[in-house]
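Each chain gets a letter, A, B and so on, in the order its sequence line appears, and its residues count up from 1.
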Amino acid sequence: MRVLVGMSGGVDSTLAAHLLKEQGHEVIGVTMTIWSERAHLTPKEDSRSCFAPNSAETIARVKETCEKLGIEHTTLELSKNFEELVLANFTTEYLSGRTPNPCVWCNTLIKFGAMVDYAKESGLVFDTFATGHYARIIESEGRFSLARALDVKKDQSYFLYRLSQKQLATTCFPLGSLTKEEVLARAISLGYHSPEIEESQDFYDGDYTDLLEIEDKLGKIVHLDGRALGEHRGIHRYTIGQRKGLGIAAERPLYVIALDAKANEVIVGYQEDTLQHTVVAKEVVWQSRTSLDQPVAAMGKVRSASTPTACMVHQEKGRLVAHFPDGIHAAALGQSLVLYEEDRVLAGGIISEAF
RNA sequence: UGGGAAGUCGCCAAGUGGUUAAGGCUCCGGUUUUUGGUGCCGGCAUUCGUGGGUUCGACUCCCCCCUUCCCAG
């Protein structure tokens with residue numbers, strides 16, 4: 001089989017490529033660039049984004065690694081797509097008082113979307129696309145569903161839940177059943193791990209508001225009880241649940257409870273005010289199930305870095321409604337609700353309401 | 001310029017003769033993290049409105065001045 005592997009130059013993607021080759025596949029490495037359109041924003045020389053590095057040095061390093069692996073390597077320029085499909089939405093969402101998750105959209109639209117298409121158009125021949133993501137794909141009865149990685153601590157299925165059946169059918173995650181420790185140990189023994197090959201791969205390693213290019217728009221910071229407590233420089237600088245950066249010295253810490261785009265106000269309250277029990281998500285992507293006839297028990301995640309929480313979920317028109325008996329804190333509109341049954345992702349969507 | 005009260009870190013606020021001048025909030029740094037955010041860890045007044053005085057020793061007692069607030073004008 002011919003496999004195209006998304007390479008960042010990091011330990012994970014490098015080992016993924018190595019494992020595929022070891023399994024006897026014909027492997028091609030690919031790296032995409034997505035920042036050219038906004039090159040002027042590059043905050044650091046070595047800024048990288050997933051397997052979309054910013055600097056020529058990083059790409060050179062990836063090529064070196066591929067040589068070492070004995071595989072071909074190609075770089076694809078996707079910054080226009082990234083700009084139009086991810087960054088434009090990123091900005092619109094923030095202006096609307098929501099908190100977008102660019103990685104979720106980039107994965108389905110760019111990385112596993114436009115880039116794969118573009119790779120084929122540019123003449124690369126491959127059957128499957130692979131990445132170093134920690135997630136698994138389970139096939140049963142002709143249906144593919146995304147599942148958590150065996151190493152739950154490193155699981156990245158939250159960022160991948162929007163992948164379609166078509167995408168999952170031609171994707172594989174070689175690291176899905178390995179732990180980070182195993183990956184690291186293996187990479188070190190193979191000589192693929194060095195100080196230059198850093199682990200961290202950020203979406204953007206500057207201040208995200210730089211990407212927005214939105215003018216400051218002064219407004220009020222208002223407490224739930226109606227008191228005006230201070231001023232803000234624009235609602236796009238805040239996210240629901242945020243504590244830091246309000247600049248208001250109160251008796252207790254204050255958290256952002258809501259963002260009112262119309263009134264240009266940031267609504268704040270105390271920690272207990274962030275507690276919610278119901279989350280509604282739209283733009284649903286079904287994974288292990290295709291619909292819900294009746295409520296089912298599931299584990300729900302409302303943000304990437306949080307442990308799944310027990311909930312009852314049902315379908316209401318095209319939306320998912322999850323009820324969390326024990327409550328959750330500050331689900332931010334625009335982030336994703338991802339539901340799990342055991343290890344499998346049941347479905348997920350964009351949070352449109354939480355209360 | 002009559003009467004009363006008060007001035008301790010950016011904000012709030014303990015401390016009333018001998019403390020390393022609490023604590024909370026804000027802020028800053030680190031950590032966690034392929035978004036944002038949370039959480040966690042750490043940092044943050046040699047100085048108590050100013051100037052004198054009493055005392056072995058004062059943020060704590062006394063006096064002047066400055067400032068603020070309340071009442072009366």
### Task
Classify the ring geometry between A:Y94 and A:F90 as parallel (under 30°), tilted (30 to 60°) or perpendicular (over 60°).
perpendicular

Polar pairs (N or O, both sides) under 3.5 Å between protein and nucleotides 8-14 of chain B?
none

### Task
Using the P atom as the reference point in each nucleotide, state the distance between B:C69 and B:U55 in Å, no decimals.
37 Å

### Query
Does atom CD of A:E272 have more than 12 heavy-atom neighbours, drawn from other residues, nucleotides or ligands, at distances under 6.0 Å?
yes

### Message
Test question: given the 4.5 Å side-chain rule for I, L, V, M, F, W and Y, name all other residues clustered with A:V125, or answer none.
### Response
none

### Summary
The residue, A:L246 or A:E251, whose nearest nucleotide of RNA chain B is more 5′ is A:E251

### Message
For the CD atom on A:E251, are there more than 12 heavy atoms of other groups (residues, nucleotides or ligands in this structure) within a distance under 6.0 Å?
### Response
yes

### Task
Could you pull out all residues at least two apart from A:R289 that satisfy side-chain hydrogen bond (donor to acceptor under 3.5 Å, both in side chains)?
A:E341

### Task
Name the pairing partner of B:C48, where a pair is Watson-Crick or G-U wobble with both distances under 3.5 Å, or state none.
none

### Query
What does B:C69 pair with, Watson-Crick or G-U, if both distances are under 3.5 Å?
B:G4

### Query
Partner of B:C59 by Watson-Crick or G-U wobble geometry, both contacts under 3.5 Å, or none?
none

### Task
Can you tell me, in whole Å, how much space there is between the P of B:G2 and that of B:A45?
41 Å

### Query
Quick check: does any side chain N or O of A:E26 sit under 3.5 Å from a backbone N or O of A:V3, one acting as donor and the other as acceptor?
no

### Gap in Å between the two C1' atoms, one belonging to B:C61 and one to B:C70, rounded
26 Å

### Task
Return yes if some donor-acceptor pair links the side-chain N/O of A:Q242 with the main-chain N/O of A:K244 below 3.5 Å, else return no.
yes

### Task
Supply the atom-to-atom distance A:K111 NZ to A:T171 OG1, rounded to the nearest 0.5 angstrom.
12.0 Å

### Query
Using atom P of each nucleotide, how far apart are B:A21 and B:C63 to the nearest Å?
27 Å

### Message
Using whole Å, what does the distance between atom P of nucleotide B:G24 and atom OH of A:Y270 come to?
### Response
17 Å

### Query
Between A:Q167 and A:T108, is any side-chain donor less than 3.5 angstrom from a side-chain acceptor?
yes

### Summary
note: A:I235, atom CD1; B:G36, atom C1'; distance rounded to Å ~ 14 Å

### Query
Which of residues 341-355 of chain A have a heavy atom under 4.0 Å from RNA chain B?
none

### Message
Checking A:T209 now: which residues fulfil side-chain hydrogen bond (donor to acceptor under 3.5 Å, both in side chains) with it, not counting sequence neighbours?
### Response
A:D207

#### Entry: Polar pair under 3.5 Å, donor/acceptor by atom type, side chain A:S304, base B:U33
no

#### Entry: Inter-nucleotide P distance (B:C59, B:G7), Å rounded
15 Å

What does the list of N/O pairs under 3.5 Å between the protein and nucleotides 38-40 of chain B look like, with a distance for each?
from: B:U38; atom 1: OP1; to: A:R243; atom 2: N; distance (Å): 2.9
from: B:U38; atom 1: OP1; to: A:K244; atom 2: N; distance (Å): 2.8
from: B:G39; atom 1: OP1; to: A:R243; atom 2: NH1; distance (Å): 3.2
from: B:G39; atom 1: OP1; to: A:Y255; atom 2: OH; distance (Å): 2.6

### Task
Would you mind listing every side chain to side chain donor-acceptor pair (under 3.5 Å) that reaches into residues 218-237 of chain A, with sequence neighbours excluded?
A:D216-A:R233, A:D216-A:R237, A:H223-A:D225, A:D225-A:R227, A:H232-A:N264

### Message
Nearest whole Å is fine: how far is B:G37 P from A:F159 CZ?
### Response
13 Å

### Task
Write down the distance separating the C1' atoms in B:C62 and B:U54, rounded off to the nearest Å.
7 Å

#### Entry: Distance between C1' atoms of B:A6 and B:G24 (Å, rounded)
22 Å

### Query
When you compare B:G53 with B:C64, how far apart are their C1' atoms, in angstrom units rounded to a whole number?
11 Å

### Query
With a non-hydrogen cut-off below 4.0 angstrom, is A:S306 in contact with a base, only sugar-phosphate, or nothing?
nothing

### Query
Given a cutoff of under 4.5 Å between side-chain heavy atoms of I, L, V, M, F, W and Y, with clusters grown through shared members, what are the other residues clustered with A:V280?
A:V321, A:F355

### Query
Which residues satisfy the side-chain hydrogen bond (donor to acceptor under 3.5 Å, both in side chains) test with A:S157, sequence neighbours excluded?
A:D155, A:Y340

### Query
B:G24 P sits how many Å from A:L254 CG, rounded?
16 Å

## Note on the structure
Applied to residues 311-320 of chain A, the side chain to side chain donor-acceptor pair (under 3.5 Å) test, sequence neighbours excluded, yields A:H314-A:E316

### Task
Find which nucleotide of RNA chain B each of A:P100 and A:R252 is nearest to by heavy atoms, and output the residue with the more 5' nucleotide.
A:R252

### Task
Send over the distance from A:L87 CG to B:G36 P, rounded to a whole Å.
13 Å

### Task
Quick one: which residue pairs count as a side chain to side chain donor-acceptor pair (under 3.5 Å) with a foot in residues 298-309 of chain A, not counting sequence neighbours?
none

#### Entry: Nucleic acid contacts of residues 322-336 of chain A, taken as heavy-atom distances under 4.0 Å to RNA chain B
A:A332, A:Q335

